[in-house]
Amino acid sequence: MIYQGKQKIWSDYQKEIPDNHWFYVRSCIRQSFFPASERYFLNICRDLLGKDIYETEHHTTCGGIAYHSDTIPQETAMTIVARQFALMKEAGYKNLVTSCITSFGNYTEILETWREFPELEARIRENLWKACRREFDKPEYLAHASDLVYKFRHEIASKAKYNLVDHMTGEPLRVVEHIGCHYSKMFPHKGVGGAEYPCVLSGMVDSWGGQVIDYPERRHCCGFGFRQYLVKANRGYSIANTHKKFESMEPYHPDMIITNCPGCPYFLDRWQYVISEMEGKTYGRNGYGIPVFTYEEVAGLVLGFDPWDLGLQMHQVAVEPLLEKMGVPYNPKTKYLGLNGKEIMKPGLPTVLKCC
Amino acid sequence: MKDNIVIVGGGIAGMEAARQLLLLGYKPILVEKSDHLGGHVADWHCLFPDMTPAQDVVKGLVEQIKDANIFLETEVSFINRMKMGYNVMFSNGVNVICKAILLATGFDLFEASRKEEYGYGIYDQVMTNRDLERWFNTGDDKRITGKDIKKIGFVHCVGSRDVKAGNQQCSKVCCITAIKQAMEMKERFPDAEVYCFYMDLRLFGKKYEDFYIKAQMESGVHFIRGRVSEVSENMQGQVIIKTEDTLSGKPAKITLDLLVLMAGIVCNKQAVQTASMVQVQTDSDGFLKSKDNILNIIETGSKGVFLAGTATGAKTIPETAAEARAAALAIHNYLVAQS
Amino acid sequence: MMDFGFSISPSSTMNLDKVDLTLYDRLCSIEPDARKCMACGSCSATCTAGPWTGMSVRKVLLDIQRGKDKEAAAMLKGCMLCGKCTMVCPRGINTRHLILSLCRIYGEDAK
Amino acid sequence: MIDRFASGFDPFVIPFLIGMAFVLVYCIIGAIRLILQLDAEDKKRFFISLITPKTIWKNLKDLFLNCLIHVKLWKRNRMLGFMHSSIAFGWFMLILLGHIECFIYMPHRVKLFYYPIFFNYFVAENETTIGGSVIFFLMDFFLLLVLTGIVLAIIKRVRSRIFGMRRTTKPSLLDRVGLYSLWLIFPLRLIAESFTAHISGGSFLTIPMNMMFKAFLGDQMNMLPTWWAYSICLCIFMCVLPFTRYMHIPAEMLLIPFRNAGLTIKHARRGFAKAQVYSCPNCGVCIDACPMSVKKANIKDTTVYLNRNIRRGNEKRIEEISDKCLLCGKCTAVCQVGVDGPQMRIAQRSIRNYGLEQDYSGIDITPFKEAVAAEASPDRVLYFAGCMTALTPAISRAMESVFRKAGVDYAFMDKDGGLCCGRPILMAGRFGQARQIIRKNKEIIKASGASTLVLSCPICYKVFREHYKLEGIRVVHHTEYMLELVKAGRLSPDAGSDVLVYHDPCELGRGSGIYEQPRELLRHTGELVEAEQNRDMSICCGGSLGSLTLGFDKREDLTRNALRNLKAGNPETIVTACPLCKTTFAMYSDIPVEDIAETVNKHLK
């Protein structure tokens, strides 16, 4: 890869990200899959970086999953989104940051649609008024939470306790970055670095000491694809895509995968188990899988938070080999202890994939 | 008067060479076996890529070579090699001693009836590209006149790129001719669907690709990649052709009101005979053999014998004309060196 | 192995890096003319068996060039060996013998 | 005559006895093996033929005419015929007369196997023998006959062209041993008998020789060694015989009854096929006849080499030879012993292993059958043009026109394409698959209810006639059918002045025996000239489907040669009766080539 070439593209796709005062909307599925990620995002931003990030318990789903699964029309999704904007207006914020890539894509798509068809915006305004007597302003800036972490990556790096390097050899870790499709594939100029070579995650990896690996299927979808997974008959197609990605990255021996989408880490993580059961194949070293992280989890690890506080025990693929490589201390005995110190249940072990 | 030069063939190559030689101060002798000048082009209607009327091209040239000695309906009976040139005997009894001979003998259009499976001469509604041009010129052909023509097919590569027809070479101009004729037919029969059945589309020349795009965009010609294998006839006298649509990978059948065969360019058999009188052989492709196929396509192995035009292989008119000019210059240089 | 109620769908992409050309190479070694094909489709269009069995010489050759040996085999089974394809081939390929040779080298695989 | 030796024995007969015993045992065992290799049906047929008076008579006649007189060879070339029959018949007569002689004069010695052969050594003349001078004369006469044959054979070795053979096979080492011993046998016999002529009597040849020897040599010491040499030569010849081309002598004696019993080749290497292989005299007549041997190409792919390689078990060559052949059948037409080259080759092709077997069980012919059945009518003529005719639409169109002009109610069965007739796949040796196709086509034809099936393609015609067994349906080629129409007055072509030459397609002529009908038909339409080689000697056009391996580029010479042959009588048009011949000739011919249907149609109003 010619690095300068990518630099050139990145410079063409720069995104203006305000420094402070954000209205935060959470993701539906991340809260259950990666419960600590969003919390640590807020912790990092508020406590460590001292930013003003507001969130309200009144916000709902953005309707993205239903929209992408063809169960609601776009107007419905627009009205839901309009309500979030109204909440933001009511709270006095102008910058919106979303936790979820699909939300981000959904918001972007809606804002772009309104820009093209103002009459549609007027109708939604009317709908929202009819539905709940609220009014909204469009956000001045729209960002994904990873954009913020990207913006503050150097500050995080300066506070880092650990780096993305093999602490025994000093070699950088080989990191696969995977961007959610809806981040910039629909509207390239809305993402950091554009659609072909977005640098939102690779920027983090670079500044935290890791080495991003470039493999042929780098831009390929994780395989979730909403309908493809949600309809069981299509699930073979979903896993085929994930399988294709892993087959493609396998020769590069990645140490970890970093993602910024709710679905991707989940599917890249869980499908490794399914593939191992179906084909008897694992992609990590010594029978382990390749651990998959959200960007918040990686930031948390770098900043020295306890892995179990970051919720890494919720992953299917064991993270311990990576923690050892990075030199992050962890206590195997507390892996499955809840916040109250009591044992949360231990998962059963897969037949092929090594987990601990 | 300077030295005698005999030009065999009064097509584009022969006429253009004669024109240039006249300008150089020679008085060439031009023999043509048919009763008119212009060769195959004289039978044509319009020429790609600018739809120039073929008659204008031919007439323009004929006008400019009036001063040459032109023998129509005359063939070369025999040629004897002499010490300083050739003794050429014509079928009209004229005997000429000349220093240089230019073989501008042109090509034969492939006899479409030899590909019996295409049914030329067997089915009513099958014609060749030449027949179609004739119809453009005369407006008289029982296959078209007074018929309700709704579907027209053009078969590319008839007698070209086909070992079974004894000609492996590409005839170079049929792709663009087919597209030209397809568009012309579409103009005359706007309601008709026009299909081109091709193996490869070879559109190399100036503005040819524009023609192709125009055929797709404006005329809506359908291009089907597959070589026609058989033709049969139905009760209504329409022709049914069998081909494979190789892009969708399925055998296809289509009923047409008119089938036009793009007969290719093959070597003029008579030319081979004439050439053998001056020891000019045929190349492995069946056309006359040049001294060298890159930089010296004009000269032959025999001294004072030159070639121009499609005698050495399929060519377009501009290529032929350019070659004829080159030949005229080569003859001039040769004669200067001789004296 | 666990049954999840679905399996990994085969890729619709042809991975030309992974194409196994053993059969094609073997074919070319005994029928060098196989390389001559320009996929004009005359053979398939004229095929006597085609309308009945789906046989297409052009596709058989293409499948083998793309390593799709099974598909080619299925199609070959429908050939009636009438030789019409050989007659119409503009490149003069002895398609009939090519088919017979293919039928044979499938046997070599089994050994 | 009296015994010279009381014992009636001398050690020099031992070599002869060894040779004789060996060859007899070998041949008898071989014959039994071949008979056992026949399948049950063929075996039965064979044994029945051996006791049926008609076949017994035919066997005897064929054995006499073919093995002794070589009538076929006489027809081909008199010198060749004379050479072979003088040796074979002369030798046979020598043996026969020897026995007669022995029977007349020494009846008590007849049971000694060797005695009649070396009669002249063991007996002495006395006054009772005077009456036998006729036999002595005959003995000398036949010996002279054989010797002339031998002289011719030696000349033929050096100059085969005199005998009308341009190319012949090269004998193997054993062949040479056999050949030279055969040449030596008779001169030695002459010398041996001459030495004893003054004792045992002789005639015009041996007596003068005896006197001459006496004058030159003077003693009797040479007598015994020449008899030894004679016996040894016989021994050598008989011992090598099973391993040389001379095996054809005993093998043909088995092949003739086999053929007369009506056997066909059931197995590529056993029974009837093996008998054919051994019957091949390696004469090489088929080399000149083979259409592939134009310009000295493919000489080693002729039937004689097939037989030779089968005997040697060279599988690679067997495959090459059997796959290349056009199956035109000309080698069989010229073969002296009647080796069926095409059938032999198809048999070789049939035992090949294919990893992939064609299967047509999935073909659903119901719609086709229904469409045909919907128009069923017993008076209707069913016209099957065949797949090749789809590439020569002029033929089918001409036929349709002929039908219409003759007022024939016809149905064009494969106008929109039909199934293959099965002959091409049969030629490829895939019998099972051919049967599948035949079964399907048969169903369709039966469903049509037609009583006559007219075919345009001789390839189809042959298989329809031989393998379809369409009871109640007459199968005719369009040449026959049109002639019938003409004879019945339903067609009256006007005579033209065109000079036509008729090319006999292999499958129609040699394959189906139709030579006269097309000629008769053509005489109605124009002046017919004959090709240099015609009828069963006609030369294949080179387009045959029979050959599996012969590529397009390799066939041009064959076609041009066939065209040269056809143009011997300066015809204006070449007429054939096969779509494949037409297509093939049209590629290279400089005069028009048309099908007989087109010719006839042109001359109809």
Side-chain angles (χ1 to χ4, degrees), chain B residues 110 112 114-119 153 155-171 174-175 195-202 223-232 239-256 259 261-264 266, chain C residues 12 14 31-76 78-99:
Chain B
F110 176 77
R114 282 186 54 204
K115 290 226 58 96
E116 187 182 335
E117 58 264 45
Y118 291 164
V155 182
H156 293 223
C157 301
V158 176
S160 324
R161 303 181 71 199
D162 183 356
V163 285
K164 303 285 166 69
N167 181 24
Q168 282 208 57
Q169 309 307 315
C170 169
S171 292
C174 328
C175 281
Y195 297 85
C196 280
F197 300 94
Y198 67 96
M199 293 200 280
D200 292 299
L201 281 177
R202 299 183 163 184
F223 287 91
I224 296 179
R225 194 196 173 280
R227 184 172 173 269
V228 171
S229 72
E230 289 169 26
V231 177
S232 54
V239 284
I240 302 166
I241 70 160
K242 268 192 185 178
T243 183
E244 190 198 14
D245 178 6
T246 56
L247 297 182
S248 60
K250 289 229 162 61
K253 240 182 178 182
I254 185 166
T255 310
L256 299 169
L259 184 68
L261 305 179
M262 287 293 134
V266 294
Chain C
S12 54
M14 229 182 296
E31 298 277 343
D33 275 6
R35 296 198 189 92
K36 262 193 194 170
C37 176
M38 55 174 166
C40 70
S42 308
C43 45
S44 314
T46 200
C47 184
T48 304
W52 303 95
T53 65
M55 169 68 188
S56 159
V57 191
R58 181 190 66 77
K59 264 200 229 170
V60 164
L61 248 178
L62 187 76
D63 280 345
I64 288 170
Q65 282 168 5
R66 302 286 183 267
K68 287 155 80 180
D69 301 353
K70 273 186 202 148
E71 288 87 337
M75 223 180 276
L76 276 173
C79 171
M80 294 181 183
L81 288 175
C82 72
K84 251 176 109 185
C85 46
T86 311
M87 285 180 71
V88 299
C89 179
R91 283 272 165 101
I93 304 171
N94 187 352
T95 46
R96 185 157 169 256
H97 192 251
L98 190 143
I99 291 165

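So you know, we letter chains A, B, ... as the sequences are listed, proteins then strands, and number each from 1. FYI, side chains are in, hydrogens and waters are out, and symmetry mates aren't considered; it's all heavy atoms of this structure.
Ranked by non-hydrogen atom pairs under 4.5 Å with chain B, the options C:Met87, C:Lys59, C:Met38 are led by C:Met38. Among C:Ala39, C:Cys43, C:Gly54, the residue with the largest count of heavy-atom pairs under 4.5 Å with chain B is C:Ala39. For the set B:Arg161, B:Lys250, B:Lys242, B:Gln168, the entry with the most heavy-atom pairs within less than 4.5 Å of chain C is B:Arg161. Note: B:Gly249 leads B:Gly226, B:Pro251, B:Ala252, B:Gly249 in heavy-atom pairs under 4.5 Å with chain C.
For C:Ser44, the parts lying under 4.5 angstrom from a heavy atom of chain B are both the backbone and the side chain.
Minimum interatomic distance between B:Glu244 and C:Ala45 (heavy atoms only, all atoms of both residues): N-CB, 3.4 Å. When all heavy atoms are compared, the tightest approach of B:Val163 to C:Arg91 is CG2-C, 3.4 Å. In terms of heavy-atom proximity, C:Pro90 sits nearest to B:Met199 at CG-SD, 4.5 Å.
Atom CZ in B:Arg227 sits 9.5 Å away from atom OG1 in C:Thr46 (nearest 0.5 Å). B:Glu230 CD to C:Cys47 SG: the interatomic distance, rounded to the nearest 0.5 Å, is 10.0 Å.
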